[in-house]
Amino acid sequence: MSVANAGIAASSAYPEAEDSKNTNAEVVDPANTAEDVRPVAPDQFDPRYQASKWEIWSYYLYYVGNNGLTLFNFGPTAFQNLLYEAGGDSGLLSFFGRTRTINSIVLLCNGISFAIQVVLFLLLGSLADYGSWRPWILIFWSVVAFALGFGWLGVHTADKWHAGVGLYMIGLIAYQMCITFWTAAFPGLARNTSEMRHKAEEYENGEIDRDEYDYNDMMQRNRISNVAFIAQSAGEIFILAILVGILFALDVNASQANNDWGLSVLIAYCTAWWIVLAIPWFVLEKRRPGQKIPPGLNIITVLPWTLWRAIVQIWELKQTLLFLVGYFLLGDSLNTTVTVIATLQNSVVSYNTLTLTYLLIVGIAAQLVGIFGFWTIQKRFKLSTKVMFNAVMIGILVLDGWGMIGIWTQSFGFHHEWEFWLYQVFYGLFVCPWYSYSQIMISEVTPRGKEFLFFSLFSIMGKTSAFIGPIVSSAIIDASSTGNNSLPFYFLFGLTLLSLLLLAFFVDLKKSRREQAAFLEREASAKKRRASIVSGDFDVSSQEEKIDGSRRKTKL
């Protein structure tokens, strides 16, 4: 039996583990449940890679730095501000071969940027689960993001709006690459904590059953993800509090030029924080090895092999696919909703830097309370990840409903400044937990050891949805005779309702865990067969394949 299948005792005895994430973990056949069969924990624990307190906190600190203020919040604001100044009273600019409205340009840039991300995630995500080089993906894109953040210091006048397009689009790519490859590390981090090592020992000793082990695994992943978001919220408020003082020192209300310069300075200021807070994670992250490249392949040829197997085998992960479809629809709705509301908000407050900063502080404070409240309620009542996720979906539906009312009336529906203060509070309390619980849900439907591939696949779907949603919304606005910027809420409300019904009533996480176990068993069989072909021992491999197939039929 290989170390990857041997549980804690064997992994301690053989430090050179083949697969520290236990990609090839053996699944105990229900037909062989005699009392002398010792249960094997689904996660392998190598003492060298046990997560320390400092490593976990460095993981949190990276997210405090990569809080989105640079390329996700103020970068888009600076970009739209330049567009409005360049567009003048007409609000029209020539872009991509035709005259377009400012809102249409913003949504089109989003779509193009997200389309590029699809290609990058497809290439890098397929390779990231192999070897130990994947931390360099995060480091590379972080450095790109740092350069873009300081690049805004040279782009703060209307005549440079074309350069702003480049900074904006590449900035979205860099931000999403950073956040995805940072997020994908949390399941492995949670499963290498001392708490989970202890639970694995209890499970292998027969002191707890598999359901309790899985519950603790779920709660550890919820803890790492939610505490990261809570720490990020608290740290971001501190960063913004200092930022207010900087903006007063720049006297951003004195003139339009001061306001434009203030936007560029605050992007660079927040980038400096990101650099400082990212370094501990770059240094302290333990380079936990991923899967070994199958025999006969290398780092280049393993890409098509991995993608082909994922395409062929993912159809057996029915619950994962159901969640993927729902995630696509809901991500499309939420990404576009945030973009549409942000566009309306920026217009109403006239891009005033101080007002936007105050709105962010309120929103982030509400986010801190919201995620802390969700996590506290989940612990107190021992609720599942899915229950919490369902609650978030209801919050998104309410948000789209409010925007839809604004199509028919000017009294409310994101037309007045007071509504955006209320929006920041509601969004923080009831919608921001999406950013934590959606990632935890992805980890729930992801086979162990395949985190970077599956998180990339989900990012592809998320970016594809964000590519489609903004373009559809842009077309709706352009087709309107009145140019009503609230019209996309018709589309968004229906999309959110459809995804809520699908995810709440058709996704079963217990079924998903059984499907994941079968998926990993087939993966192990495929690797054995390939090793046998390479070594010339094809007949033995074929016989093992038949045995594995027979066992799968028995279990199914």
Side-chain angles (χ1 to χ4, degrees), residues 51-75 134-135 137-146 148-149 171-172 174-190 192-193 220-243 267 269-286 338 360-361 363-372 374-375 427-428 431-443 451-452 455-456 458-459 462:
S52 67
K53 176 181 68 175
W54 295 112
E55 183 188 14
I56 293 174
W57 272 100
S58 71
Y59 179 79
Y60 298 154
L61 285 176
Y62 180 90
Y63 192 43
V64 174
N66 186 14
N67 48 47
L69 289 175
T70 54
L71 306 178
F72 189 72
N73 289 113
F74 288 122
R134 58 178 170 259
I137 300 175
L138 180 61
I139 292 173
F140 171 81
W141 284 106
S142 295
V143 172
V144 171
F146 301 157
L148 293 169
L172 288 181
Y175 172 76
Q176 293 297 338
M177 295 298 290
C178 288
I179 205 67
T180 298
F181 283 95
W182 169 82
T183 303
F186 88 87
L189 195 62
N192 277 279
T193 57
Q220 278 297 315
R221 283 181 283 115
N222 274 272
R223 180 177 70 88
I224 295 290
S225 182
N226 284 317
V227 174
F229 278 83
I230 292 169
Q232 182 265 340
S233 301
E236 192 172 352
I237 291 173
F238 176 78
I239 292 171
L240 284 171
I242 297 175
L243 179 59
I267 293 171
Y269 159 76
C270 294
T271 299
W273 272 107
W274 187 357
I275 293 173
V276 171
L277 295 172
I279 292 174
W281 176 243
F282 295 159
V283 174
L284 296 177
E285 180 188 7
K286 295 182 178 178
V338 170
L360 262 179
I361 292 175
I364 295 164
Q367 172 183 292
L368 189 157
V369 174
I371 295 177
F372 180 79
F374 267 66
W375 173 228
Y427 182 76
V431 179
C432 279
W434 150 271
Y435 297 104
S436 178
Y437 282 100
S438 64
Q439 303 306 311
I440 302 167
M441 281 292 290
I442 293 173
S443 73
E451 284 81 13
F452 285 84
F455 269 82
S456 293
F458 273 93
S459 289

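For this chain, numbers begin at 1 and follow the sequence in order. The analysis underlying the following values was restricted to heavy atoms, covering all of them including side chains, and did not include hydrogens, waters or symmetry mates. Quick caveat, the model's predicted, so the values are computed rather than measured.
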Exercise for review: Output all residues satisfying side chain to side chain contact (heavy atoms under 4.5 Å, CB included) with Thr183, sequence neighbours left out; order by chain, then residue number.
Suggested key: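 Once residues adjacent in sequence are excluded, the partners of Thr183 under the side chain to side chain contact (heavy atoms under 4.5 Å, CB included) criterion are Ile179, Phe186, Gln439, Phe455.
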Review point. With sequence neighbours excluded, what pairs up with Ile56 under the side chain to side chain contact (heavy atoms under 4.5 Å, CB included) test?
Key: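 If we apply the side chain to side chain contact (heavy atoms under 4.5 Å, CB included) test to Ile56, skipping adjacent residues, the hits are Ala51, Tyr60, Leu189, Thr193, Ile224.
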Practice item. Report yes if the side chains of Phe374 and Tyr437 come closer than 4.5 Å at any heavy-atom pair, otherwise no. Key: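 Yes, at least one pair of side-chain atoms sits under 4.5 Å.
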Review point. If we only count heavy atoms from C-beta on, is the Ile237 to Leu240 side-chain gap below 4.5 Å?
Key: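 Result no, sub-4.5 Å side-chain heavy-atom pair not found.
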Review item, side-chain donor-acceptor pairs of residues 270-282, under 3.5 Å, at least two apart:
{"unit_1": "Thr271", "atom_1": "OG1", "unit_2": "Ile267", "atom_2": "O", "d": "2.8"}
{"unit_1": "Trp273", "atom_1": "NE1", "unit_2": "Tyr269", "atom_2": "OH", "d": "3.0"}

Minimal non-hydrogen separation, [X] against [Y], with atom names:
X	Y	value
Ala174	Leu148	CB-CD1, 4.1 Å
Cys432	Gly428	CB-O, 3.6 Å
Glu285	Pro135	OE1-CB, 3.6 Å
Ile230	Ile371	CG1-CG2, 3.8 Å

Practice item. Scan residues 221-234 for pairs that pass salt bridge (charged side-chain N to carboxylate O under 4.0 Å, His left out), counting only residues two or more places apart or in two chains. Key: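 For residues 221-234, and leaving out neighbouring residues, the salt bridge (charged side-chain N to carboxylate O under 4.0 Å, His left out) pairs sorted by first residue read Asp217-Arg221, Arg221-Glu444.
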Review point. For residues 55-75, which residue pairs qualify under salt bridge (charged side-chain N to carboxylate O under 4.0 Å, His left out), counting only residues two or more places apart or in two chains?
Key: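 Pairs touching residues 55-75 that pass the test: Glu55-Arg288.
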Practice item. Apply side-chain hydrogen bond (donor to acceptor under 3.5 Å, both in side chains) to Gln367 and list each qualifying residue two or more places apart in sequence or on a separate chain. Key: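 With neighbours one apart ignored, the set is Gln232, Ser233.
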Practice item. Could you grab the distance from atom SG of Cys178 to atom CD1 of Ile137, nearest 0.5 Å is fine? Key: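 Spacing of SG (Cys178) from CD1 (Ile137) equals 11.0 Å.
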Review point. NZ/Lys53 to CG/Leu284 distance, rounded to the nearest 0.5 angstrom?
Key: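 Answer rounded to 0.5 Å: 12.5 Å.
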Only pairs under 3.5 Å count here: list side-chain donor-acceptor contacts from residues 62-72, not counting sequence neighbours, and write none if there are none.
{"unit_1": "Tyr62", "atom_1": "OH", "unit_2": "Ser142", "atom_2": "OG", "d": "2.7"}
{"unit_1": "Asn67", "atom_1": "OD1", "unit_2": "Leu69", "atom_2": "N", "d": "2.9"}
{"unit_1": "Asn67", "atom_1": "ND2", "unit_2": "Val64", "atom_2": "O", "d": "2.8"}

**Study point:** For Trp434, ring-ring contact (aromatic ring centres under 6.0 Å, His included) partners two or more places apart
**Key:**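 Only Tyr327, Phe389 meet the ring-ring contact (aromatic ring centres under 6.0 Å, His included) criterion with Trp434.
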Review point. Partners of Tyr427 by ring-ring contact (aromatic ring centres under 6.0 Å, His included), sequence neighbours excluded?
Key: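 Tyr427 satisfies ring-ring contact (aromatic ring centres under 6.0 Å, His included) with Tyr423 only.
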Check your understanding: Stepwise, does the side chain to side chain contact (heavy atoms under 4.5 Å, CB included) test hold for Phe74 with Leu360?
Key -> CA-CA 10 Å; Phe74 288 122; Leu360 262 179; 3.4 Å; yes
Practice item. Would you indicate whether Phe372, at its atom CZ, is surrounded by more than 12 heavy atoms from other residues, nucleotides or ligands within a distance under 6.0 Å? Key: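 No, the 6.0 Å shell around CZ holds no more than 12 heavy atoms from other groups.
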Check your understanding: Are the side chain of Trp182 and the backbone of Tyr59 linked by a donor-acceptor contact shorter than 3.5 Å?
Key ->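 Flag set: sc Trp182 to bb Tyr59 pair under 3.5 Å.
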Exercise for review: Start with the C-alpha distance between Ser456 and Phe181, add both sets of side-chain angles, then the distance that settles side chain to side chain contact (heavy atoms under 4.5 Å, CB included), and finish with yes or no.
Suggested key: CA-CA 8 Å; Ser456 293; Phe181 283 95; 3.9 Å; yes
